[in-house]
Participant: 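The structure under discussion is supplied below as structure tokens; questions concerning it will follow.
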Amino acid sequence: MTQQCAFISQLSNTEQQNWLDKLNAKLPNVRVMLAREMSVAEKQQCKVAVVANPKPEDLTEFPQLVWVQSLWAGVERLVAELDNPSFALSRLVDPMLATIMSEAVLAWTLYLHREMPKYMAQQKLAKWQQLDYKCAGERTIGILGLGELGKSSAQVLVKNGFTVSGWSNTAKVIDGIECFFGREGLETLISQADIIVCLLPLTPDTRKLINDDFLTKMKKGTSLINFARGAIINHHDLVKQLNRCHVGHAVLDVFEHEPLDESSVLWQHPNITILPHVSAPTHIESASKIVAQRIDNFVLTGELPECIDMVKGY
Ligand code: NAP
């Protein structure tokens with residue numbers, strides 16, 4: 001008998017149809033259906049849902065859900081909004097996404113390393129001035145978070161000649177990367193880095209982690225790249241430390257409220273580069289293959305993929 005899997009999202013109709021087509025083409029024994037097209041009886045029997053930014057209340061229409069698979073790698077909002085869910089939640093883990101994020105980390109690290117913001121500012125003043133050159137190995141890049149995205153980004157930076165350190169919750173050994181963990185480890189990483197890249201999940205422990213205390217422990221002129229979640233940074237403290245020139249430059253791709261409000265002071269700051277949450281978009285072809293394989297495996301064996309630890313929050 002064909003199993004049904006609900007698709008619950010706030011994506012546009014075209015985006016939803018694109019995902020449904022991609023998933024259904026790879027799942028001969030499962031029918032992925034828009035939740036709104038399912039009958040009450042179908043919703044009540046449904047065990048699996050694929051989601052992309054669902055409204056938590058939409059999930060309550062599915063009392064038998066065993067497993068919910070997100071199409072995104074970050075599920076922080078959903079984890080925060082779900083109150084002790086009866087189903088397991090898994091997020092997207094896709095090597096293609098890690099490659100895309102590593103490319104972004106390399107691109108924006110090079111932007112800072114080769115002083116592009118300073119040369120752009122000089123051009124506006126028609127100022128011809130060569131800045132001192134440092135080679136990649138003379139720059140230490142500190143990566144916060146050594147998970148799927150952080151580890152891969154750190155390894156790409158090492159391949160490109162940078163000196164790389166990383167910080168995680170638990171101790172790690174990764175070739176070519178100086179690994180730190182715990183509070184003490186964080187302080188050492190902060191004090192050594194020339195550029196800090198944030199790839200941590202947003203959890204109660206990491207919310208506003210990058211605050212005045214964190215920023216003042218950085219060396220003068222250290223720059224910041226945030227490709228994780230906006231609420232990990234206290235932006236008020238960041239602007240203060242940028243204005244004091246203690247922080248060199250900040251590349252911000254993520255914000256607590258997106259899209260970033262037109263009236264935000266962050267837009268106009270000369271030492272901030274704003275990106276509209278583009279560092280690592282989900283690659284639909286690759287992600288749909290992985291999600292379809294997981295659904296197929298669950299239907300065949302009843303086995304769940306690795307799921308979010310709701311206590312740790314990631
Ligand atoms: P992940 O595999 O879960 O890795 C998270 C890493 O953070 C792990 O190394 C973990 O340590 C570490 N960590 C968590 N809490 C910590 C704490 N309190 N102190 C120290 N280290 C801590 O996550 P991921 O797949 O790499 O993704 C990271 C984040 O990227 C996502 O949560 C999402 O917010 C963001 N993201 C952004 C975009 C974008 O386009 N901007 C796209 C995708 C994802 P352990 O390894 O010791 O557990």
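Small disclaimer: the values here were computed from a predicted structure and weren't measured.
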Participant: If you take all heavy atoms of Ser153 and Ser102, which pair is closest and at what distance?
Facilitator: N-OG, 3.4 Å

Participant: Please say whether more than 12 non-hydrogen atoms of neighbouring residues, nucleotides or ligands are located less than 6.0 Å from NZ in Lys219.
Facilitator: yes

Participant: Do Glu178 and Lys172 pass the salt bridge (Lys or Arg N to Asp or Glu O under 4.0 Å) test, and can you show the C-alpha distance, the side-chain angles, and the key distance before you say yes or no?
Facilitator: CA-CA 9 Å; Glu178 192 174 8; Lys172 295 201 190 302; over 6 Å; no

Participant: What are the two closest heavy atoms between Pro281 and Leu97, and how far apart are they?
Facilitator: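 Smallest interatomic distance, heavy atoms only, reads O-CD1, 3.5 Å.
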
Participant: Hey, mind stepping through Leu252 and His235 against side chain to side chain contact (heavy atoms under 4.5 Å, CB included) and telling me if it holds?
Facilitator: CA-CA 10 Å; Leu252 306 175; His235 287 110; 3.9 Å; yes

Participant: Consider only side-chain heavy atoms of I, L, V, M, F, W and Y, link residues closer than 4.5 Å, and tell whether Met310 and Leu202 are in one cluster.
Facilitator: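 Each belongs to a different hydrophobic cluster.
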
Participant: Under a 3.5 Å cutoff, is there a donor and acceptor pairing between the side chains of Asp205 and Thr203?
Facilitator: no

Participant: Could you tell me whether Arg229 and Glu258 have a side-chain N and a carboxylate O separated by less than 4.0 Å?
Facilitator: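 Looking at Arg229 and Glu258, the cut-off is not met.
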
Participant: Look at the side chain of Ser152 and the backbone N and O of Leu149, then say whether any donor-acceptor pair between them is shorter than 3.5 Å.
Facilitator: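 No, because the side chain of Ser152 does not come within donor-acceptor range (under 3.5 Å) of the backbone of Leu149.
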
Participant: Do the two ring centres, one from His113 and one from Phe162, sit under 6.0 Å apart?
Facilitator: yes

Participant: Just by modelled atom types, is the Val278 backbone N or O under 3.5 Å from a matching donor or acceptor in the Asp253 side chain?
Facilitator: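 The answer is yes, because a donor-acceptor pair under 3.5 Å joins these two groups.
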
Participant: So that I know where these two stand, are Phe298 and Trp67 an aromatic pair - ring centroids less than 6.0 Å apart?
Facilitator: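 Yes - the distance between ring centres of Phe298 and Trp67 falls below the 6.0 Å cut-off.
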
Participant: With Ser70 as reference, evaluate Asn53, Val291, Val75 under the side chain to side chain contact (heavy atoms under 4.5 Å, CB included) test and give the passing residue.
Facilitator: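 The side chain to side chain contact (heavy atoms under 4.5 Å, CB included) with Ser70 is passed solely by Val75 among Asn53, Val291, Val75.
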
Participant: Does the side chain to side chain donor-acceptor pair (under 3.5 Å) test come out yes or no for Thr273 and His249, once each step is laid out?
Facilitator: CA-CA 8 Å; Thr273 299; His249 194 91; 2.7 Å; yes

Participant: Taking atom CD as the centre, does Glu184 end up with more than 12 heavy-atom neighbours from other residues, nucleotides or ligands that are less than 6.0 angstrom away?
Facilitator: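 Result for CD/Glu184: open.
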
Participant: Answer yes or no: are there more than 12 heavy-atom neighbours, outside Glu61 itself, under 6.0 Å from its atom CD?
Facilitator: yes

Participant: Check the hydrophobic clustering (I, L, V, M, F, W, Y; side-chain heavy atoms under 4.5 Å; chains of links allowed) and say if Val254 and Tyr314 are grouped together.
Facilitator: no

Participant: Of the non-hydrogen atoms in Thr216 and Gln241, which two are nearest, and what is the gap between them?
Facilitator: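 Looks like CG2-NE2, 3.4 Å.
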
Participant: Ile143, Val93: one ILVMFWY side-chain cluster at the under-4.5 Å cut-off?
Facilitator: no

Participant: What distance separates Trp72 CH2 from Leu92 CG, expressed to the nearest 0.5 Å?
Facilitator: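 Answer rounded to 0.5 Å: 9.0 Å.
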
Participant: Go through Ile284 and Lys22 one step at a time and tell me if the side chain to side chain contact (heavy atoms under 4.5 Å, CB included) criterion holds.
Facilitator: CA-CA 8 Å; Ile284 185 164; Lys22 290 269 185 322; 4.3 Å; yes

Participant: Inspect the surroundings of CD in Glu57 and state if more than 12 heavy atoms from other residues, nucleotides or ligands are less than 6.0 Å away.
Facilitator: yes

Participant: What heavy-atom pair brings Lys220 and Arg244 nearest, and what distance separates the two atoms?
Facilitator: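 It is NZ-O, 4.0 Å.
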
Participant: Quick one about Asp212 and His236 (side-chain donor to acceptor, distance below 3.5 Å, no hydrogens or angles considered), yes or no?
Facilitator: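 Not at all, the side chains of His236 and Asp212 share no donor-acceptor pair under 3.5 Å.
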
Participant: As an exercise, state the distance from CG of Leu209 to CH2 of Trp167, rounded to the nearest 0.5 Å.
Facilitator: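 Result: 5.0 Å between the selected atoms.
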
Participant: Any carboxylate oxygen within less than 4.0 angstrom of a Lys/Arg side-chain nitrogen, looking at Glu42 and Arg31?
Facilitator: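 No, no charged N to carboxylate O under 4.0 Å.
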
Participant: Has Lys47 got more than 12 heavy atoms of other residues, nucleotides or ligands less than 6.0 Å from its NZ?
Facilitator: no

Participant: Same cluster or not: are Val50 and Val299 linked, directly or through other Ile, Leu, Val, Met, Phe, Trp or Tyr residues, by side-chain heavy atoms under 4.5 angstrom apart?
Facilitator: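 Result: yes, single cluster for both.
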
Participant: Strictly distance-based, threshold 3.5 Å: is any side-chain N or O of Ser191 a donor or acceptor partner for the main-chain N or O of Thr188?
Facilitator: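 Checking the backbone N and O of Thr188 against the side chain of Ser191, a donor-acceptor pair under 3.5 Å is found.
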
Participant: Might you point out which heavy atoms bring Cys198 and Ile210 nearest each other, and give the distance in Å?
Facilitator: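 For Cys198 and Ile210, the tightest heavy-atom pair comes out as CB-CD1, 4.3 Å.
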
Participant: Is a donor on one side and an acceptor on the other found under 3.5 Å between the side chain of Asn24 and the backbone of Val32?
Facilitator: yes

Participant: Of the non-hydrogen atoms in Arg77 and Pro54, which two are nearest, and what is the gap between them?
Facilitator: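 Nearest heavy atoms, Arg77 then Pro54: NH2-O, 3.1 Å.
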
Participant: Salt bridge between Arg294 and Glu303, side-chain N to carboxylate O under 4.0 Å?
Facilitator: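 Judged by the 4.0 Å cut-off on N to carboxylate O distance, Arg294 and Glu303 do not form a salt bridge.
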
Participant: When hydrophobic residues are tied together by side-chain contacts of less than 4.5 Å, even through go-betweens, does Ile308 share a cluster with Leu59?
Facilitator: yes

Participant: Could you point out which residue of Asp194, Val247, Leu112, Ile196 forms a side chain to side chain contact (heavy atoms under 4.5 Å, CB included) with Ser223?
Facilitator: Leu112

Participant: Do other residues, nucleotides or ligands put more than 12 heavy atoms under 6.0 Å from Phe181 CZ?
Facilitator: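 Open: at most 12 neighbouring heavy atoms sit under 6.0 Å from CZ of Phe181.
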
Participant: Does NZ belonging to Lys43 count more than 12 external heavy atoms closer than 6.0 Å?
Facilitator: yes

Participant: To the nearest 0.5 Å, how far apart are CG in Leu242 and CG in Leu215?
Facilitator: 8.0 Å

